[in-house]
Amino acid sequence: MSEPSVQQTVFEIIAREATIDVEKITLESTLKDLEIESLEALEIVFEIEQKFNITMPDRDPQFDTATVRGLVEAVENALRTAPPATPPAA
């Protein structure tokens, strides 16, 4: 079985944290459309960071936190530019 895509994982995190059906979420959705408040949005970002072991570019003016597409693209960019994980010492 293959791992879920970045998009699907982000959708699942949003759905779980905002207690909404994942089917309501599209790339074109805004957090406002999904009735996600600021605190919930922060919790979603923290969950995404933990899940993917990344740091979201929260101080980057290009970082789009208002849309689902922006969150997915930020994760994909962070994963592309992240240094390779070092294997644990034996």
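Under a hydrophobic-cluster definition in which Ile, Leu, Val, Met, Phe, Trp and Tyr are linked whenever side-chain heavy atoms come within less than 4.5 Å, directly or via other members, L71 and L79 are assigned to the same cluster. Under the 4.5 Å side-chain heavy-atom criterion for Ile, Leu, Val, Met, Phe, Trp and Tyr, L27 and M56 are members of the same hydrophobic cluster. Hydrophobic clustering (side-chain heavy atoms under 4.5 Å, transitive across Ile, Leu, Val, Met, Phe, Trp, Tyr) keeps F46 apart from L34.
Across all their heavy atoms, V10 and I48 have their closest contact at CG1-CD1, 4.0 Å. The two residues V6 and V72 make their nearest non-hydrogen contact at CG1-O, 4.1 Å. Nearest approach of V68 to F11, heavy atoms of both residues: CG1-CE1, 3.3 Å. The two residues E17 and E47 have their closest heavy-atom pair at OE2-CG, 3.4 Å. Closest approach of I25 and A15 over heavy atoms only: CD1-N, 3.7 Å. In this structure, T67 and G70 approach most closely via the heavy-atom pair OG1-N, 2.9 Å.
A distance of 8.5 Å separates CD1 of I20 from CD of E40, quoted to the nearest 0.5 Å. Distance check, rounded to the nearest 0.5 Å: CD of E35 to OG1 of T19 gives 10.5 Å. Atom OG of S5 sits about 8.0 Å away from atom CD of E76, to the nearest 0.5 Å. Going from atom CD of E43 over to atom CZ of R16 covers 11.5 Å, rounded to the nearest 0.5 Å.
Within the 4.5 Å cutoff, the side chain of V22 has heavy atoms near those of the Q8 side chain. Between T30 and I36, every side-chain heavy-atom pair lies at or beyond the 4.5 Å cut-off.
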